[in-house]
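Reading through the structure tokens given below for one structure.
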Amino acid sequence: MKRVLPLITLSLFACSPKGETADEPCVPTSGTICTVVGTEILALAGDGAKASAASLYWPMDMTIGPDGNWYIVDWNNHRIRKVDQTTGLITTIAGIDDLGDGPEGPATQSHFNHPTQVVFDDDDHMLIAAWHNSKVKSVDMKTGILTDTCGDGLRSYKGDGGMAKAASFDLTVSMAYGPDKTLYILDQANQRIRAIDNQDLVSNYAGAPCVVNQCADGEVPEACPTNQKMVCNVAMNAALCTATPGCLGGFAGDGETADKLRMKQPVSQSADPGGRLVVDAEGNLYFSDILNHRVRKIDAKTKVVTTVVGSGEKGVAGDGGKATAAQMNRPSDLALAADGTLYVADTYNSCVRAVKDGIITTVAGQCGKDGFSGDRGAPTEALLHRPYGIELAANGDLYIADTFNGRIRVVTK
């Protein structure tokens, strides 16, 4: 029996997929796009059956695990689901019932509040960005036991210099490991990138203190309780404490070191998930600065920030030209190929774009158009609908979380 979970009230998630359907599963072939998981029905269904017949509810991302299996962030079902590549069957491996937080213990008996991403460490643990929980949770893949590893869940900012589990984050949206095994976390509503070292100590890696920078010249913020933020009421020339997220973000820091960085990620209770991270073999960190419509890079050696994709102007233009002159619309997930090609989920343009040697092109979808069509055909003739996640396989196949269409699709090399 299909079980449809209650909708979360977000203005951006208001549409169901429309367009073609197919009675037979799409078989991936070279040069085409195919649906490999999901149907036109947005629901929770299919566990124990073939993934091609399962239903997802706004899949946010997909990760290929070290075991070769697919791990899908089934966002509005508050679950992580696994597609076994030997059997083709889909199962839930973390999450149960409706949204919540915990308890620690068996992962299939623990609640989540809209997880957004998973990554794997070298010790057979799956780390989950538990977004609305403002935590990172870890599942021991040998035992299936879940623990909270980062964040106290207070949706605030504190804890730098201390243990990660006792620190406060505000919307832990994405993670990436560096070559030295540092875990980077994009702390969305705090407009920061934070780092967890191998001693589980947290520090601020990038981002200026958004609390102070929101105040007008001459204003002196007073101390707030640790579970609140400072915002500045310019009209009254006063700094006020509030429990409402106050770090609205901005744009600054290109050509400067990361401690002067200002980014603009979505905030508020109705915000959609923010930027994603990727780190290359040299330790250079790339992140999507969503509301600045850019992808930016932090150099591993100098910590200097630069924009590598996007002019900052919202739009769809630029294919065939310099990536830094292109227009994008809320780019989200990123993937790096071995040859240095950077793939970008240009989410609100409903397409996926690629940057190679500084030139940008579209590789899937028709930028500026959304819908569902194109399976078995050329990827750039297909229609996608707000793809939030992408994953690049070792063989060059590109997997797309076609979020509003409730599907995982693959562009086969």
Side-chain angles (χ1 to χ4, degrees), residues 2 15-43 45-46 49-64 68-74 81-90 316 319-320 332-333 335 337 341 343-354 356 360-413:
K2 293 185 178 71
C15 302
S16 295
K18 295 180 181 179
E20 67 178 33
T21 59
D23 294 330
E24 296 297 327
C26 187
V27 178
T29 57
S30 179
T32 67
I33 186 171
C34 265
T35 295
V36 289
V37 187
T39 68
E40 72 276 9
I41 299 171
L42 300 178
K50 291 290 185 181
S52 58
S55 291
L56 309 172
Y57 206 151
W58 295 329
M60 187 59 57
D61 204 2
M62 191 202 88
T63 298
I64 300 172
N69 295 316
W70 301 345
Y71 294 85
I72 298 169
V73 179
D74 198 351
R81 300 172 79 181
K82 169 186 166 182
V83 179
D84 188 292
Q85 291 305 288
T86 300
T87 64
L89 303 182
I90 188 170
V316 298
D319 271 8
S332 54
D333 205 7
T341 300
Y343 292 86
V344 183
D346 195 352
T347 299
Y348 271 47
N349 277 331
S350 291
C351 60
V352 179
R353 303 169 85 175
K356 185 175 184 179
I360 191 168
T361 57
T362 297
V363 295
Q366 299 180 44
C367 291
K369 299 180 181 179
D370 56 53
F372 177 75
S373 68
D375 271 2
R376 303 175 177 83
T380 53
E381 294 178 4
L383 290 178
L384 310 174
H385 201 173
R386 297 256 181 110
Y388 273 84
I390 53 177
E391 172 82 339
L392 193 65
N395 67 355
D397 290 350
L398 178 68
Y399 291 85
I400 303 169
D402 193 358
T403 304
F404 273 23
N405 283 323
R407 295 168 162 93
I408 303 297
R409 302 172 80 178
V410 62
V411 174
T412 305
K413 189 174 179 181

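One is the number of the first residue; the rest follow in order along the sequence.
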Close side-chain approach of D346 and T362, heavy atoms under 4.5 Å: no
If you take all heavy atoms of T403 and M60, which pair is closest and at what distance? OG1-CA, 4.3 Å
Specify the closest pair of heavy atoms between D375 and C26, including all atoms of both residues, with the distance to one decimal. CB-SG, 4.1 Å
Could you please spell out the steps behind the side chain to side chain contact (heavy atoms under 4.5 Å, CB included) verdict for R376 and T32? CA-CA 6 Å; R376 303 175 177 83; T32 67; 5.7 Å; no
Is there side-chain contact between K369 and L383, with heavy atoms separated by less than 4.5 Å? yes
For the backbone of G389 and the side chain of D61, can you confirm whether one donor and one acceptor N or O come within less than 3.5 Å of each other? no
Between S332 and Y388, is there a donor-acceptor pair closer than 3.5 Å when you use the side chain of the first and the backbone of the second? yes
For P379 and G31, work out which heavy atoms get closest and say how close. CD-O, 3.3 Å
Do the non-hydrogen side-chain atoms of V73 and M62 ever get within less than 4.5 Å of each other? no
Here the gap from R386 atom CZ to Y348 atom OH, rounded to the nearest 0.5 Å, amounts to 4.0 Å
Report yes if the side chains of D319 and R353 come closer than 4.5 Å at any heavy-atom pair, otherwise no. yes
Rounded distance [0.5 Å steps], CG in L384 versus CG in N349: 11.0 Å
What closest approach, in Å, do G46 and I90 show between heavy atoms, and which atom pair accounts for it? O-CG2, 3.3 Å
Determine the sole option in C351, S350, P387 for which the side-chain contact (heavy atoms from CB on, under 4.5 Å) test with D370 is passed. S350
Measuring from atom CG of D333 to atom CD1 of I390, what distance do you get when rounded to the nearest 0.5 angstrom? 5.0 Å
To check you understand the geometry: which heavy-atom pair defines the closest contact between S373 and E381, and what is its length? OG-O, 4.4 Å
Residues forming a ring-ring contact (aromatic ring centres under 6.0 Å, His included) with Y343, sequence neighbours excluded: none
Note: L398 and L392 closest approach over all heavy atoms is CD1-CD1, 4.0 Å
Flag the pair W70 / E391 as yes when at least one side-chain heavy-atom distance between them is below 4.5 Å, and no otherwise. no
Do T412 and C34 come close enough that some side-chain heavy atom pair is under 4.5 Å? no
Taking the side chain as C-beta and beyond, is there a heavy-atom pair between L56 and R407 under 4.5 Å? no
Given 3.5 Å as the limit, does a donor-acceptor pair link the side chain of D84 with the main chain of N69, or not? no
Can you measure from CG (D402) to CD1 (I400) and round to the nearest 0.5 angstrom? 7.0 Å
Counting N and O atoms only, with roles assigned by atom type, does the side chain of K50 sit under 3.5 Å from a partner on the main chain of V37, one being a donor and the other an acceptor? no
Which value, rounded to the nearest 0.5 Å, describes the distance between Q85 atom CD and I64 atom CD1? 8.0 Å
